[in-house]
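Below, chain A is the first sequence line, B the second, and so on; all start at residue 1. Heavy atoms only: backbone and side chains are in, while hydrogens, waters and symmetry mates are out. Only a predicted model underlies this, so the values are computations on that prediction, with no experimental measurement involved.
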Amino acid sequence: MLKVILPDGNVLDYSRRVRPIDVAADIGPRLAKATLAAVVDGQTVGTDFYLPEEGEVSLRLLTKRDIESLDIMRHSCAHVMARAVMRLFEGVQLAFGPTVDGGFYYDFALEHSISESDFPKIEAEIAKIIKQDEAFERVEYPHAKAIELCEELGQTLKVEHLKEGLSDQSLVSFYRQGEFVDLCRGPHVPSAGAIGALKLLSVAGAYWKGDASNRQLQRLYGTAWFDKKDLDDYLAKLEEAKRRDHRVLGKQLELFLIEPEVGSGLILWLPKGATMRRELETFIYGELLKRGYQPVYTPTIGRVQLYETSGHYPYYADSQFPPIEMADGDRYLLRPMNCPHHIKIYQSKPRSYRDLPLRIAELGLVHRFEQSGELNGMTRVRGFTQDDAHIFCTEDQVADEFRGCLDMTQYVLKTLGLDEYRVRLGLRDPASDKYVGRAEDWDRAETALKEVCQEFDLPDLEVETGEAAFYGPKADFVAKDCIGREWQLGTVQLDYNLPSPQRFNLEYIGADNHPHQPVMIHRAPFGSLERFTGMLIEHFAGAFPLWLAPEQARVLVVSQKFEEYGRRVEQTLREAGLRVSGDYRPEKVGAKIRDAQLELIPYMFVVGGREMENETVAVRDRREGDLGSMALPEAVERLRTEIANKTLRQ
RNA sequence: GCCAGCGUAGCUUCAAUCGGCAGAGCACCGCAUUCGUAAUGCGGGGGUUAAGGGUUCGACUCCCUUCGCUGGCUCCA
């Protein structure tokens, strides 16, 4: 006798073996048809999964309205795609085919290299399979039998996976659909017909089991939705993201330049980008000063020995520019991080516990030799400016300092309209012995970090055990932009390593008149100015709030007859501290407006005879259009207020 | 670094039939126009087709090498 408890509290009793599909059929034929999968006691299963014969289970039937179904359906898409690829090409070895955010992929090994030109025929084959609407049939085999089957099928990667990854499983499941059989945990939708709208997106290389020393496979990415409209929306979203691409906007709006003759991954900030960056720097420095940080400036190179002491050289030699060797044998390294210089500042005089916390801040330029395939616009570069600071404090001060970092991050992000951010807290794996520092210090620090995060009521705090650095726990910031994309920004990291006697041997004199080792906190909540700026370009789609806009206003004269008045207006605005230019070309106003609009200039001041007579300007807002005439001082005041408030424009 | 794709004027706007004269639009420059809220008209300059090598009577086109870019993978103090 089995009791099946449904989400609405109804209970169905069964004295025979049933599957979710049978339960659905008992409730109604329409539901039976719509059911794609089920959740039994919290576990997602296929519709043909046999429920136990005895006892009590909770059952939730999933239709395409349930969020879990999408994932299950996409997993089925991966199978259908694999089946199509196997039909079209010879010698296909299957690897893994999971779902990912927005879609799915499958990794294959095969002779033919798949390119996008193969997509139409693969998609056509997929469409055929969907139309045939064959069932996904679950079959379970003992481990040994499964190996035998995969060997028969010639699926050596699956054999390897069975022998290595699944060696502890006595029974493994396969899914069969027509001629296609694949080792798979499932669940799947009942049949291929449940798949709605599917599209292949890209093909890329991927290593077997994610290990670069293994053979490289071909990974085919796709996306799938229940409705064509959802697919179209998703594709539109990808288009929208493309429209905001900071690499394209950066060129169009003349913000920055990457010039191969200078070097890959090296940013040249053009005047407009530099103007924006200076505004950001001023803003960030202002906040740092308010929060008790002291700015310093240090050089971008240092002796190799310094980085040997820190332990970063030669450990990271592969991702550094090689040392510069001088005639006298001295070797210098382009600094890959700022901390050693800041440590030397800490050590420049004896420190007392009364000096702590000592917060040293620098927008420090560092260079790292990132792999060529990793470079990407401003977001992954070889020279970047960290919004870096190092806090030297006592163990007791860690919680307060971390609180300060969170608070500042929240404030700065909010000012930029990035209201949502989450924190990933990386803690140590207690079972591992790779960590430096005393266990009790770690425990205290990790507890403190967790408590502070809870205090901030962060919506989805992720605590990741085993993700700490070997030298200390860390918290990474991930912000969500206005179209919902997440950007990994900066980090706060505790460090028990660099202050230790094995490294720089940092000390302060405590209240007990004895030397103690301070805790060091590395923090760069926005990561790098390059990456942060790239993110802002995409977040605002190049249409910056007035305070950040490189050009805040442009004076447009209706005809060249009014150039003199126009120049007077321009000068007045400039003297009021605004970044302004004038358009005195012999063009029609319409053309000038169009150009200014395309350059995303927030305000246009149109001046002609009427304005000259009344000492006014006709103000045009980039978004709202013509605001009508106002006296010049009134217009100036409007802009100055907007700048002072760092108003976000819709 | 690895896999795949791509590289034509300042421009991620793009054309050039099978290997047969490198061509538009925008931008730029000049002239005319002096105009009221998203493109005035006419004219002009601009190219070692990423670079180098090869095949060919002939290469933007086919092959090789290098550089760069794109999408992933790997890495990330």
Kindly compute the distance separating CE (A:M378) from CZ (A:F532), expressed to the nearest 0.5 Å. 12.5 Å
Report each atom pair, protein N/O against N/O of nucleotides 45-50 of chain B, whose distance is under 3.5 angstrom.
none

Could you tell me whether A:N376 contacts a base, only the sugar-phosphate backbone, or nothing, with contacts defined as non-hydrogen atoms closer than 4.0 Å? sugar-phosphate
Applying salt bridge (charged side-chain N to carboxylate O under 4.0 Å, His left out) to A:R585 and A:D583, what does each step give before you reach the verdict? CA-CA 6 Å; A:R585 294 173 302 166; A:D583 188 344; 2.9 Å; yes
Got a sec, which pairs hit salt bridge (charged side-chain N to carboxylate O under 4.0 Å, His left out) with one end in residues 532-542 of chain A, sequence neighbours left out? A:R485-A:E538
A:S264 vs B:rC69: side-chain N/O to OP1/OP2 distance below 4.0 Å: yes
P spacing across the pair B:rC2 / B:rG19, given as an integer number of angstrom: 31 Å
Length of the line joining A:D107:CG and B:rC73:C1', which is rounded to integer Å: 9 Å
Classify the side chain of A:Y207 and the base of B:rG1 as holding, or not holding, a donor-acceptor pair under 3.5 Å. yes
A:E564 CD: over 12 foreign heavy atoms closer than 6.0 Å: no
If you assign each of A:S113 and A:R219 to its closest nucleotide in RNA chain B, which residue comes earlier from the 5' end? A:S113
Pick out which of A:K209, A:Q216, A:Q93, A:R219 makes a side chain to side chain donor-acceptor pair (under 3.5 Å) with A:D107. A:R219
Is the distance from the ring center of A:Y471 to that of A:Y496 below 6.0 Å? no
Checking A:E611 side chain against A:G608 main chain: does a donor-acceptor pair fall under 3.5 Å? yes
On a whole-Å scale, what distance lies between the C1' atoms belonging to B:rU8 and B:rA22? 8 Å
Please measure how far the P atom in B:rG23 lies from the corresponding atom in B:rC6, and state the result in whole Å. 25 Å
Can you check the distance between B:rC31 and B:rU48, where both ends of the measurement are the C1' atom (answer in whole Å)? 33 Å
Can you tell me, in whole Å, how much space there is between the P of B:rA9 and that of B:rU61? 14 Å
Which base sits across from B:rG36 as a Watson-Crick or G-U pair, both distances under 3.5 Å? none
Rounded to the nearest Å, what distance is computed from the CZ atom of residue A:F119 to the C1' atom of nucleotide B:rG71? 10 Å
Quick one: side chains of residues 297-307 of chain A, donor-acceptor pairs under 3.5 Å with protein atoms, not counting sequence neighbours, listed by atom name and distance.
unit_1: A:T298; atom_1: OG1; unit_2: A:R335; atom_2: NH1; d: 2.7
unit_1: A:T298; atom_1: OG1; unit_2: A:E362; atom_2: OE1; d: 2.7
unit_1: A:T298; atom_1: OG1; unit_2: A:E362; atom_2: OE2; d: 3.2
unit_1: A:R303; atom_1: NE; unit_2: A:D330; atom_2: OD2; d: 3.3
unit_1: A:R303; atom_1: NH2; unit_2: A:D330; atom_2: OD2; d: 2.7

Take atom CG of A:D211 and atom C1' of B:rG72, then tell me their distance rounded to the nearest Å. 17 Å
Where along residues 234-258 of chain A does a heavy atom come under 4.0 Å from RNA chain B, residue by residue in number order? A:R247, A:V248, A:K251
Applying a 4.0 Å non-hydrogen cut-off, can you work out what A:Q216 is touching in the nucleic acid: base, sugar-phosphate, or nothing? base
Does B:rC28 adopt a syn or an anti glycosidic conformation, taking syn as a chi angle within 90° of 0? anti
Could you list all N or O pairs between the protein and nucleotides 33-38 of chain B that sit under 3.5 Å apart?
unit_1: B:rU34; atom_1: O2; unit_2: A:Q560; atom_2: N; d: 2.8
unit_1: B:rU34; atom_1: N3; unit_2: A:Q560; atom_2: OE1; d: 2.7
unit_1: B:rU34; atom_1: O4; unit_2: A:Q560; atom_2: OE1; d: 2.5
unit_1: B:rC35; atom_1: OP2; unit_2: A:K561; atom_2: NZ; d: 2.6
unit_1: B:rC35; atom_1: N4; unit_2: A:P586; atom_2: O; d: 2.8
unit_1: B:rG36; atom_1: O6; unit_2: A:G609; atom_2: N; d: 2.8
unit_1: B:rG36; atom_1: O6; unit_2: A:R610; atom_2: N; d: 3.1
unit_1: B:rG36; atom_1: N1; unit_2: A:E611; atom_2: OE1; d: 2.7
unit_1: B:rG36; atom_1: N1; unit_2: A:E611; atom_2: OE2; d: 3.4
unit_1: B:rG36; atom_1: N2; unit_2: A:E611; atom_2: OE1; d: 3.2
unit_1: B:rG36; atom_1: N2; unit_2: A:E611; atom_2: OE2; d: 2.5
unit_1: B:rU37; atom_1: O2'; unit_2: A:R620; atom_2: NH1; d: 3.1
unit_1: B:rU37; atom_1: O2; unit_2: A:R620; atom_2: NH1; d: 3.1
unit_1: B:rA38; atom_1: N6; unit_2: A:Q597; atom_2: NE2; d: 3.1

Between A:F96 and A:W208, does the ring centroid distance fall short of 6.0 Å? yes
Polar side-chain atom of A:R368 near backbone of A:P336 as donor-acceptor pair, under 3.5 Å: yes
What does the list of N/O pairs under 3.5 Å between the protein and nucleotides 75-77 of chain B look like, with a distance for each?
unit_1: B:rC76; atom_1: O2; unit_2: A:R380; atom_2: NH1; d: 3.4
unit_1: B:rC76; atom_1: O2; unit_2: A:R380; atom_2: NH2; d: 2.9
unit_1: B:rA77; atom_1: O4'; unit_2: A:Y316; atom_2: OH; d: 3.2
unit_1: B:rA77; atom_1: O3'; unit_2: A:Y471; atom_2: OH; d: 3.4
unit_1: B:rA77; atom_1: N6; unit_2: A:S319; atom_2: O; d: 3.2
unit_1: B:rA77; atom_1: N6; unit_2: A:S319; atom_2: OG; d: 2.8
unit_1: B:rA77; atom_1: N1; unit_2: A:Q320; atom_2: NE2; d: 3.3

d(CG, A:N214; P, B:rC73) in whole Å: 16 Å
Across every strand shown, the nucleotide meeting Watson-Crick or G-U wobble geometry with B:rC62 (both distances under 3.5 Å) is B:rG54
With no hydrogens and no angle check, just 3.5 Å: does a side-chain donor-acceptor pair link A:Q597 and A:R620? yes
For B:rG41 versus B:rA50, give the span between their C1' atoms, rounded off to a whole number of Å. 37 Å
What is the distance, rounded to the nearest whole Å, between atom CE of A:M604 and atom P of B:rA39? 13 Å
Pairing check on B:rC2: which nucleotide meets the Watson-Crick or G-U wobble criteria with it, both distances under 3.5 Å? B:rG72
Under 3.5 Å on both distances, the Watson-Crick or G-U partner of B:rG23: B:rC14
Is a side-chain donor or acceptor of A:R74 paired with a backbone partner of A:A224 at a separation under 3.5 angstrom? yes
Rounded to the nearest 0.5 Å, how far does CD of A:E563 lie from CD of A:E570? 9.5 Å
Say you pick atom P in B:rC63 and the same atom in B:rA59; how far apart are they, in whole Å? 16 Å
Indicate, with a heavy-atom threshold strictly under 4.0 Å, whether A:A204 touches base, sugar-phosphate, or nothing. base
If I take atom CG in residue A:L266 and atom C1' in nucleotide B:rC69, what distance separates them, rounded to the nearest angstrom? 15 Å
Under 4.0 Å between any heavy atoms, over every strand shown, what does A:Y221 touch: base, sugar-phosphate, or nothing? Just pick one. sugar-phosphate
When the ring centroid of A:F470 is compared with that of A:Y435, is the distance short of 6.0 Å? no
Partner of B:rU49 by Watson-Crick or G-U wobble geometry, both contacts under 3.5 Å, or none? none
Nearest 0.5 Å, please: how far is CD1 in A:I360 from NE2 in A:H390? 9.0 Å
What about the rings of A:Y315 and A:Y313, do their centers lie closer together than 6.0 Å? no
Atom P, compared across B:rC62 and B:rC21: separation rounded to whole Å: 16 Å
B:rG43: pairing nucleotide in any strand, Watson-Crick or G-U under 3.5 angstrom: B:rC29
